[in-house]
Asker: 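This structure is in structure tokens; I'll ask about it shortly.
We use all heavy atoms of the structure for the numbers below, so side chains are in, but hydrogens, waters and symmetry mates are not. The shown structure was predicted, so the numbers you read here are calculated from the model rather than taken from an experiment.
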Amino acid sequence: MTRRQELILFVLDKLFQVSMRMGDLIVLVWILQAIVGFEWHSSYWFADENTWYGAFGFWMLAWLIYIFEKHYKRKFKE
């Protein structure tokens, strides 16, 4: 595998990890907010129903990146 191919796979892997963690973090903040019971300022985009949209969006982005990563791993091995 060339250096460029290794870099592409490295970047895709890091993007996958960050996207999954962002989705998990949004859900964690939502759960903490539900337990503690404080109100978010209306300017926070992840407050209320947008919490699930944001988390789901990050998770879907992560899985899309994961699919690309697996595709390129197979392609680069050939």
Asker: Would you compute the distance between atom CD1 of Ile67 and atom CG of Leu12 and round it to the nearest 0.5 angstrom?
Answerer: 12.0 Å
Asker: Identify the heavy atoms of Leu15 and Ile65 that sit nearest to each other, and give their distance.
Answerer: CB-CD1, 3.7 Å
Asker: Compute the ring centroids of Phe56 and Trp59, then answer whether they are less than 6.0 Å apart.
Answerer: no
Asker: Are Leu64 and Met60 close enough that some pair of their side-chain heavy atoms sits under 4.5 Å apart?
Answerer: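 Side chain of Leu64 against side chain of Met60, heavy atoms only: no contact under 4.5 Å found.
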Asker: Compare every heavy atom of Leu9 with every heavy atom of Lys73, then report the nearest pair and how far apart it is.
Answerer: CG-CD2, 3.7 Å
Asker: Gln5 side chain to Thr2 main-chain N or O, any donor-acceptor pair under 3.5 Å?
Answerer: yes
Asker: Identify the heavy atoms of Val27 and Ala55 that sit nearest to each other, and give their distance.
Answerer: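 Minimum heavy-atom separation between Val27 and Ala55: CG2-CB, 3.6 Å.
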Asker: Taking ring-ring contact (aromatic ring centres under 6.0 Å, His included) as the definition, give me every residue that meets it alongside Tyr72, ordered by chain and number, with sequence neighbours left out.
Answerer: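 So Tyr72 forms a ring-ring contact (aromatic ring centres under 6.0 Å, His included) with Phe76.
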Asker: Over 60° means perpendicular and under 30° means parallel, so tell me whether Trp63 and Phe16 are parallel, tilted or perpendicular.
Answerer: perpendicular
Asker: Sort out for me which residue in Met22, Arg21, Met20 forms a side-chain contact (heavy atoms from CB on, under 4.5 Å) with Phe58.
Answerer: Met22
